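None of the values given here were measured: they were computed from a predicted structure.
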Amino acid sequence: MAKAKKQKGDGSVAAPGGATVLHQKLCLSIDMENQLIYGYTEIKVLLAENDTFALHADNMTIRSILVDGETVEFDYSPHWKNECDQPNWSSISCLKTAADAACSMYTSSLNREAVPNLIVSSERSVKSITEQQLDENSGKHEESSGRLEEHGGKPVQTSDAPVVNGCNGSAVEEEKEKENEEENGNENEKGKQNGNETETEKVKNIKVVHIDYILEKAETGIHFVGNVLHSSNQIKRAHCWFPCIDSATQRCPFDLEFTVSTDFIAVSNGDLLYQVLSKEDPSKKTYVYKLNTPVSAQWISLVVGPLEVVSDSNDISVSHICLSPALSKLQNTVAFFHDAYSCYEDYLAAPFPLGLYKQIFLPSEMTVLPTSLGASMCIFSSEILHDEKVIDQIIGTRTKLAYALAKQWFGIYTSAEEPSDEWLLDGLAGFLTEIFIKDYLGSNEARYRRFKANCTVCEYDVNGATALSSPAASSDLYGTQTIGSYGKVRSLKAVAVLQMLEKQMGPDSFRKILQVIVAPNRASRTLSTKEFRHLANKVGNLERPFLKEFFPRWVESCGCPVMRLGISYSKKRNMIELAVSRGCTAKPRPDSDSHINGDTREGDAGWPGMMSVRVHETDGPYDHPVLPMAGEALQVVEIPCHSKLAAKRVWKSKKNTKVDGSDDNIDASTQENRTSIDSPLLWIRVDPEMEYLAEIHFHQPIQMWINQLEKDKDVISQSQAISVLEKLPQLSVAVINALNNFLNDTKAFWRVRIEAAFALAVTASEATDLAGLLHLVKFYKSRRFDADIGMPRPNDFHDIPEYFVLEAIPRAVALVRSSDKNSPKEAIEFILQLLKYNDNNGNIYSDVYWLSAMVQAIGELEFGQQGMGFLSSLLKRIDRLLQFDNFMPGYNGVLTVSCIRTLAQIARRVSSSICLDRICELIAPFRNMDKPWKVRVEASRVLISLELHHKGLDAALLLFLKYVDEEKSLRGATKLSVHVLRICQASIDAHTSCQINLTTLIGLLHLLAGTKAYNNVFLRHYVFCILQVSAGRSPTLFGVPKVVTPKDTSSDQHTKADSSILQPSKPQEPSTSTPSVREVLPASGPAKDADNISNCSERRNVVKIRVKLTASSSKASDADHRGHSHGGRNENEAGPCSSMSVDAPMVGLTNEPLNVSNHNIEEQNSCHDRESRMSASISNAKLMDMHEISKELQCTADSRLDALPSDQFSPAINPLEILDKPGSQIDGISTSYDVNQAPESVNGVETKERKKKDKKDKKRKRDEKRDKKDDPEYLEKKRLKKEKKRMEKESARKQLEGRGTPEQQKTVKPSGSQEVLPARPPYTVRSAEPAPSQSVEPAPVRSSEPQISSKETNVDTGRTAAKPRIKIRVKPLQRKPEGS
């Protein structure tokens, strides 16, 4: 079906069914008492070539569908009914099969939901434009009004009818305007006629679809909770409460009418045109909204309830709405909002584009998400509201409200052209939020947040799931890429990439680009990555080569650069040598097809740009842009110094100087001067302005880090210095003093001071006499204690930054550990004292978060033998706080949540002293429905964690299934699933055995396929992630095929890996398997030295095996080529190995690798003396079943041994079965040959795995043998073995000499013939020590039997006897000249 052409003007795109939505009207009546929604929607669509089009509709009953006023047939198959059909889980037997089933079910559900399921058919309209306009403006409206009256609604009043009708006929009027413009613009009359015909045809293809439907007890998309109705913008759930084309690429204006009881207020998108009472039912009221900006259906929102509306007091078009109990908190919370509103308008130089902006705050148990966006409105959880007494929530609340407002500009008003462009709008909204943070919360707050966000991105940007514009990581994931931790990392990375572009082009140019994007006169309301790249070139003046390299590297791929740097100062040249090691955070994929995203490729490709290095010298700072982001993995960069070295001074001794030369009276500045004599460097920083998103590891002397902490005023520089100093293996007094001085500096940024406090806690040890603990306690007491009585003073929180620093001190003290890994007694006493004497009388601020921090500090303590005495007192304090908060509920249940969490932590730490069941009985009552929602959810999470600690992961998952089934709120179930996902990630190892029972896996799959998960897409996604993590996989759909075919997993297939499922990313190890012959050599002919395998450090004997294909060998007859051989066997002796080279492929070569580890080949020939160089040729091995191939193997060795008689080796080996049975293996050499095996098996997976394993075994044995070379005991045992074997061989030789030559003559035949000897099972040829005193020289020409050297080379002869017939021909080996 052909698609309609994209309409860039209004942002509409052809639907999957071939239709483009031009306008949609939604008229609904809401019955709150019966939880019933009924009404109709009118969709104006522009059809393509076909009259059949498709819509999305679910969870509703379709009464009738009219197209242009005529009833039509339709096909409706709701998705939600199909979800009730539970599949059969009989094939599930392990974690892997359960994860595969989850992948199959989840991807099939997402595929099914993406397909329109309401198919509407209609005949092509033949009405004229006038008739169509009359139908729309009169008949259709009357029919709609009558239907609304039938459902208890209100007919639209006559006075207001033109407004509504104008909306209904807007598409026709637009077409008429286009037609008039066409007529005025064309001078040619023929051109006019053609234009009219085109426009007439387009108007004929415009259909008005009227769908009458009813919605009973809606459970997804829109929710009834008590006396409140609200929608949620879950992924692909807008069509669950009104028929539409539920696609992000389908955008159109909306007219919205909602009829509710007069006791309620209906809040929806756009501007409120009017509200009017119904003539038929005065208890009903209709709210009419109009949204002129084209938006997709997912941004249509509705809230109905007994709401309180507060207009903003700062004369801006904003309304703040909540329920009555939260009204006082609302007024305090939104007092700042005009600052963000005006900040965005000033920065973008444009007014708010969506009319009246509405913020609705609903109780947490009602909402699905903390923030639910809609066009010109946003639904928040009321937990972010706070009164004027709460301090801790101010920054978080303001940031969330500012970000939601920024999403109105970038995300709704300006939307993504394609799903792969959504990162750009998300990043622009985050960038705009940081503009507000910088202006109203300070540049230190903005820079610190960006630094921590960049660190998070570098830590987690390790695979393709975080690629921003990759189709596999965006459009192929159906929107799930925005859920969970990967979604957060993608958002942070998007902002970081845009900030890098801003650094490159300058803030003014970047601001102009954003102003162009949101300009009202811009033709299109969509934005693509390609268009933004064009704006960066035209407006931002960035060069095309830079952009051509920047976007593919940062936007379309994953990974961040890793820079490891160290310095060396040259006094002679006054130069800094900066050593650089480049890498990438992206981990290589295990499959070979994805190696391009690996570490090697990323590091080699590099990133565009030049990183600067700032050198702080004694004369001041100097910037050096000398560090390229791309280049060799290892590089040395030279940086000149501008300051000169000070003249060296001679230090005179003083009276009070110590023996070691130190002086107590020398202050810090004097010590710095002493260290600066040798170098003019104070400290060095890499990328000080955060121009690049990179993970930087910089190494410089400790004193330079101390200088950076004390003298650099940048918060990022201070945080970097603290991070390095706290990780030092050996701490000096200077480091601890520097951290303490920074903690006491009130001019420093409070967040960095908190970092210094925790660094002091980490550095506190008995090696430093717990100096860090003493400094923390001293700092707290100097601020909060009364020096006269030694007790805490009443709380006074007027200094906000100081409040945050002091609030963090108890937890920092709780982290201090003594040498026995327990908390010192002084730390426990200090926290107990703070909790006992806390007094908030006279303080204007609430101390709920203050007390909560102290209670959480108790949970961080480790109670040793000394600390157990304080445990009962601490538990009594926690119980008292619980009772107090229960009697007089505090702010949002914060204190109760902290107490519950701390009780669980104490129970886990001292489980040997406290009964876990008793703690569970104490926490269980907090799950009652009368408790606050936040307390109830936290109690469930804590009980799941205790179950994990007490009974294991399987029991915890079973409890999770029970609690999810009992949980009524959607958001509560989501929080429980997130908590279980985290404990699974912490508990499951991909290489451990199964920890989850089959019944539990089946329960999780039932939850994934059930209605509860269908109604909550976030719960469904997290349950899917739990099953993936349990099987050792990544918690994402990235890498999973779009359609996973369910397979019958029988018992013999459970252990096989499924290549279609993404495995956890691991560093790729170099292959240790021996390559097959087909991989090394061409099949057409022989090659030289294709593969060399060395297993011996002693390379005295060299055995080369060349496999050659001879065409003439197929002509040899079986009768003319027969041979025999004799060999001796010694199972006790092993010797040095030989080197082999395989020169040509053997068709049908088995998977056995060449094994020469413990075997030795001896060559014997009766016509050569000892120490002669021998050659044996084995040719014409005829394969009878499949291939007739001639193989010639030339074995050469240096023989420096006495020539021994061939019958010395007893018993004789007669390869009868080797020659007679077809399909056997050639056992005389260490290669196996199976004529029944297909040639393709050489490259099979099993071949590689076996060769890899064998090579590892060889390496291990070789290492063990090398280690034993110097072991006297081993050498003595070896010598005794050799002596024993020598005696046995001498006795065997004497026996052979007594039997005489007739025995020998039976086995010796003329050179032209061969004799077939009796066969033996697969054998191993081993050598024996020669007899030095005796040497028997057989007849020169008669023997065709090769001599076998006594050097200790071992040959694996294979498992079965070989069938080909072998001809053995003896010829001397000619030594080639050195030049050949």
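A donor-acceptor contact closer than 3.5 angstrom links the side chains of R971 and S381. There is no side-chain donor-acceptor pair under 3.5 Å between D461 and T585. A donor atom on one side chain and an acceptor atom on the other are not found under 3.5 Å apart for T367 and H230. There is no side-chain donor-acceptor pair under 3.5 Å between H950 and S911. For N997 and T999, the side-chain atoms include no donor-acceptor pair closer than 3.5 Å.
Rounding to the nearest 0.5 angstrom, the gap separating the CZ atom in F884 from the CG atom in L895 is 8.5 Å. To the nearest 0.5 Å, the span separating OG on S872 from CG on L874 amounts to 8.0 Å. Considering CG of L1008 and OG of S109, their distance stands at 7.0 Å, rounded to 0.5 Å. Here the CG-OG1 distance, from L492 to T456, works out to 6.5 Å after rounding to the nearest 0.5 Å. Taken from CD1 in I919 to CD1 in I900, the straight-line distance is 11.5 Å, to the nearest 0.5 Å. Distance check, rounded to the nearest 0.5 Å: OG1 of T397 to CG of L385 gives 7.5 Å.
The aromatic rings of Y891 and Y849 are tilted relative to each other, their planes meeting at an angle between 30° and 60°.
Contact between N822 and G864 at its shortest, heavy atoms only, is ND2-CA, 3.4 Å. When all heavy atoms of L835 and V855 are compared, the closest pair comes out as CD1-CG2, 4.4 Å. The two residues N59 and C240 come nearest to each other via the heavy atoms CB-O, 3.8 Å. Heavy atoms only, all atoms of each residue included: H223 and S232 are closest at NE2-OG, 3.2 Å. For the pair A857 and A814, the tightest heavy-atom approach, listed with the atom from each and the gap, is O-CB, 3.2 Å. Closest approach of Q393 and I384 over heavy atoms only: NE2-CA, 3.0 Å.
The cationic group of R936 does not satisfy the cation-pi geometry with Y963, failing either the under 6.0 Å distance to the six-membered ring centre or the 45° limit from the ring axis.
Within 6.0 Å of NZ on K934 lie more than 12 heavy atoms contributed by other residues, nucleotides or ligands. The environment of CZ in R982 is sparse: at most 12 heavy-atom neighbours from other residues, nucleotides or ligands sit within 6.0 Å. Within a 6.0 Å sphere centred on CD of Q866, other residues, nucleotides and ligands contribute 12 heavy atoms or fewer. Surrounding NZ of K452 are more than 12 heavy atoms belonging to other residues, nucleotides or ligands, all under 6.0 Å away. Counting non-hydrogen atoms of neighbouring residues, nucleotides and ligands closer than 6.0 angstrom, the OH atom of Y460 reaches no more than 12 such neighbours.
The side chain to side chain donor-acceptor pair (under 3.5 Å) test with Q883 is passed by exactly one of D885, D879, N886: D879.
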V813 and L773: side-chain contact (heavy atoms from CB on, under 4.5 Å), yes or no, with the steps?
CA-CA 6 Å; V813 170; L773 175 60; 3.7 Å; yes
Applying salt bridge (Lys or Arg N to Asp or Glu O under 4.0 Å), run through R811 and E860 and close with a yes or a no.
CA-CA 7 Å; R811 186 163 181 262; E860 300 291 342; 3.6 Å; yes
Walk me through whether K975 and E967 qualify under salt bridge (Lys or Arg N to Asp or Glu O under 4.0 Å).
CA-CA 11 Å; K975 279 187 169 291; E967 182 61 43; over 6 Å; no
Applying side-chain hydrogen bond (donor to acceptor under 3.5 Å, both in side chains) to S940 and H979, what does each step give before you reach the verdict?
CA-CA 10 Å; S940 300; H979 177 68; over 6 Å; no
CA sep, side-chain torsions, deciding dist, call: E862, K821, side-chain contact (heavy atoms from CB on, under 4.5 Å)
CA-CA 8 Å; E862 288 285 354; K821 304 302 180 182; over 6 Å; no
Worked verdict on L903 versus L875 for side-chain contact (heavy atoms from CB on, under 4.5 Å)
CA-CA 8 Å; L903 283 174; L875 291 176; 3.9 Å; yes
Could you go through the side-chain contact (heavy atoms from CB on, under 4.5 Å) check for F1018 and L970 one step at a time?
CA-CA 9 Å; F1018 305 101; L970 296 178; over 6 Å; no
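Inter-residue side-chain proximity for I483 and Y1022 is flagged as met; some heavy-atom pair is nearer than 4.5 Å. Annotation: side chain of I828 is in contact with side chain of F863 (closest heavy-atom distance under 4.5 Å). P1035 has its side chain out of reach of H1021: every pair of non-hydrogen atoms, C-beta onward, lies at least 4.5 Å apart. A heavy-atom distance below 4.5 Å is not found between the side chains of Y478 and I235. Using a 4.5 Å cut-off on side-chain heavy atoms (C-beta onward), L1037 and L110 make contact. Counting only heavy atoms from C-beta outward, the side chains of N463 and Y486 approach each other to under 4.5 Å. With a 4.5 Å cut-off on side-chain heavy atoms, Y1014 and E219 do not count as touching. Taking the side chain as every heavy atom from C-beta outward, R927 and E966 approach each other to under 4.5 Å.
Looking only at distances, a side-chain donor or acceptor of Q234 sits under 3.5 Å from a matching main-chain atom of N1015. At distances below 3.5 Å, at least one donor-acceptor pair connects side-chain atoms of T480 with backbone N or O atoms of L477. A distance-only check finds a donor-acceptor pair linking the side chain of R909 to the backbone of G859 [under 3.5 Å]. In this structure, T1000 contributes its side chain and I996 its backbone to no donor-acceptor pair below 3.5 Å. No donor-acceptor pair under 3.5 Å is formed between the side chain of S987 and the backbone N or O of C984. Checked by atom type and distance alone, the side chain of R908 never pairs as donor or acceptor with a backbone atom of S945 at under 3.5 Å. For the pair S823 (side chain) and R817 (backbone), a donor-acceptor distance under 3.5 Å is absent. In this structure a side-chain-to-backbone donor-acceptor pair under 3.5 Å is present from S108 to M105. Between the E365 side chain and the W933 main chain, no donor and acceptor come within less than 3.5 Å of each other. Formation of a donor-acceptor pair under 3.5 Å by the Q35 side chain with backbone atoms of A218 is not found in this model.
Ion pairing between R237 and E113 holds under the 4.0 Å rule for side-chain N and carboxylate O.
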